[in-house]
Amino acid sequence: MRGISIVVFAVTAGLLAGCNTHQSTLAPFGADAADIRHLFIIMLVGAVVIAAGVALLMRHAVRAPEGSIDHRRGMRIVLWLGGVIPTIVLLGLLAYSLPYMKPRPVSPTDLTIAVDGEQFWWRVAYRPPGRPAVTSANEIRVPVGRTVAFQLTAGDVVHSFWIPGLAGKMDMIPGRTNTLVVRADKPGRYRGQCAEFCGLSHALMAFDVIAMPPAAFDAWLANEARPARPSNAEGARLFAENGCGGCHGVAGVTAPSRISPDLTHFGSRRTLAAGILPMTPANVAAFIRHPEKTKPGVRMPSFPQLSDDKAMALARYLQGLQ
């Protein structure tokens, strides 16, 4: 049995060692997630100590001779181990964790990012103080070292906004706006996920999170505020002929839209279909023709009538929107 236990432990440790760092609460890049990891470690150590104590008590009880503990002594053990000590431990944990529950302060000069959960994608709007909002989708960028206030809501059903390495989960409820205040502490590319079942493609509703140095973020946001600069004439014609602008907004090309993701700087995003596919012309073309194959239940119509060449031309046009 001891040999089997060692093997199980070794296999488990090996599997845990393979856990990723771009979507893990144990690999934080934000102050709030670091606090959550700290509390987790404290409680894990406490749980291990308690479990070890219970195991030792069981071992002693099994080996103790019959009648060694009378009724009075047994009741004292139950009172202390089942009532007094757990109460003290829980009160101590509560007192220790209360400071971590205090909301992070936010000021009018801090950046606000409004995120709406849709089936099955993310509408994103950056609202820098004193400047017009910048619309995007399915990707979130934050400046390192600055406080950011996420304003979270949903357009259809309940979703849950979760960036494991940045902060805890928060529900996105239609008709209600919840605020999550965060601060990223180190740059990098990470991942967020919907953590509330919201339909057929719930598990396929993710997004990239890119934490950037403040100067690089400011330059990126300034570029995002500019209109699109299309470069593919055939793709632009196909975009107009197939009615894509009726659902998707492209600044400088079509009017803004509240139906589907904004495509103004679509080509600068790292992934396609809300964090599911790499951004390549082949993937974009395949998604245009048959989006339901990638995301069951998606509301985007399919375009099987497009030939491979036309779908590829449209994909190149979209990837040219930088």
Atom CE of M43: over 12 foreign heavy atoms under 6.0 Å: yes
For Y190 and Q23: C-alpha separation, side-chain torsions, deciding distance, then whether side-chain contact (heavy atoms from CB on, under 4.5 Å) applies. CA-CA 6 Å; Y190 307 95; Q23 186 177 335; over 6 Å; no
For V106 and A149, the nearest pair of non-hydrogen atoms, with its separation, is CG2-CB, 4.0 Å
Do R123 side-chain atoms and R258 backbone N/O form a donor-acceptor pair below 3.5 Å? yes
Donor-acceptor pair between Q151 and R127 side chains, under 3.5 angstrom: yes
Report whether F239 and L272 are members of the same hydrophobic cluster (ILVMFWY, side-chain heavy atoms less than 4.5 Å apart, transitive linking). yes
Does R191 come within less than 4.0 Å of D208, counting only side-chain N to carboxylate O? no
To the nearest 0.5 Å, what is the distance between OG on S201 and CZ on R299? 11.5 Å
Within the distance-only criterion (no hydrogens, no angle test), does the side chain of N242 pair as donor or acceptor with the backbone N or O of L238 below 3.5 angstrom? yes
Strictly by modelled atom types, are H265 and D262 linked by a side-chain donor-acceptor pair under 3.5 Å? no
Side-chain heavy atoms nearer than 4.5 Å, only ILVMFWY residues, links allowed to pass through others: does that put L111 and W220 together? yes
Can you name the one residue among F161, W122, W162 that meets ring-ring contact (aromatic ring centres under 6.0 Å, His included) with F150? F161
Would E196 and V158 count as a side-chain contact (heavy atoms from CB on, under 4.5 Å) if you check the C-alpha gap in whole Å, the side-chain angles of each, and the deciding distance to 0.1 Å? CA-CA 7 Å; E196 180 82 21; V158 175; 3.9 Å; yes
Under the side-chain contact (heavy atoms from CB on, under 4.5 Å) criterion, do T112 and Y126 qualify, and how do the steps go? CA-CA 6 Å; T112 296; Y126 298 85; over 6 Å; no
Scan side-chain atoms only and decide if Q322 and R229 contain a donor-acceptor pair under the 3.5 Å cut-off. no
dist S260:OG -> H248:NE2 (nearest 0.5 Å) comes out at 4.5 Å
With sequence neighbours excluded, residues passing side chain to side chain contact (heavy atoms under 4.5 Å, CB included) with I50: V54
So does K310 have more than 12 non-hydrogen atoms from other groups sitting under 6.0 Å from NZ? no
Take S302 and K293 through the test side-chain contact (heavy atoms from CB on, under 4.5 Å) and record every step on the way to the result. CA-CA 10 Å; S302 58; K293 290 184 178 180; over 6 Å; no
Is it true that L277 and I210 fall in one hydrophobic cluster, defined by side-chain heavy atoms closer than 4.5 Å? no
With the 4.5 Å side-chain cut-off for hydrophobic clustering, are L263 and V134 part of the same group? no
Centroid separation under 6.0 Å, is that true for the rings of Y100 and H38? yes
Is the shortest distance from a Lys or Arg side-chain nitrogen in E139 or R141 to a carboxylate oxygen in the other one below 4.0 Å? yes
Around atom CZ of R176, are there more than 12 heavy atoms of other residues, nucleotides or ligands at under 6.0 Å? no
First locate atom CG of L93, then atom CD1 of I42, and finally report the distance between them rounded to the nearest 0.5 Å. 9.0 Å
Are R183 and D110 ion-paired here, with the side-chain N under 4.0 Å from a carboxylate O? no
Please say yes or no: joined through hydrophobic side-chain contacts below 4.5 Å, possibly via intermediate residues, are F40 and V89 part of one cluster? no
When rounded to the nearest 0.5 Å, the distance separating CZ of F197 from NE2 of H202 is 7.5 Å
I'd like to know if D35 and R37 make a salt bridge, using a cut-off of under 4.0 Å between side-chain N and carboxylate O. no
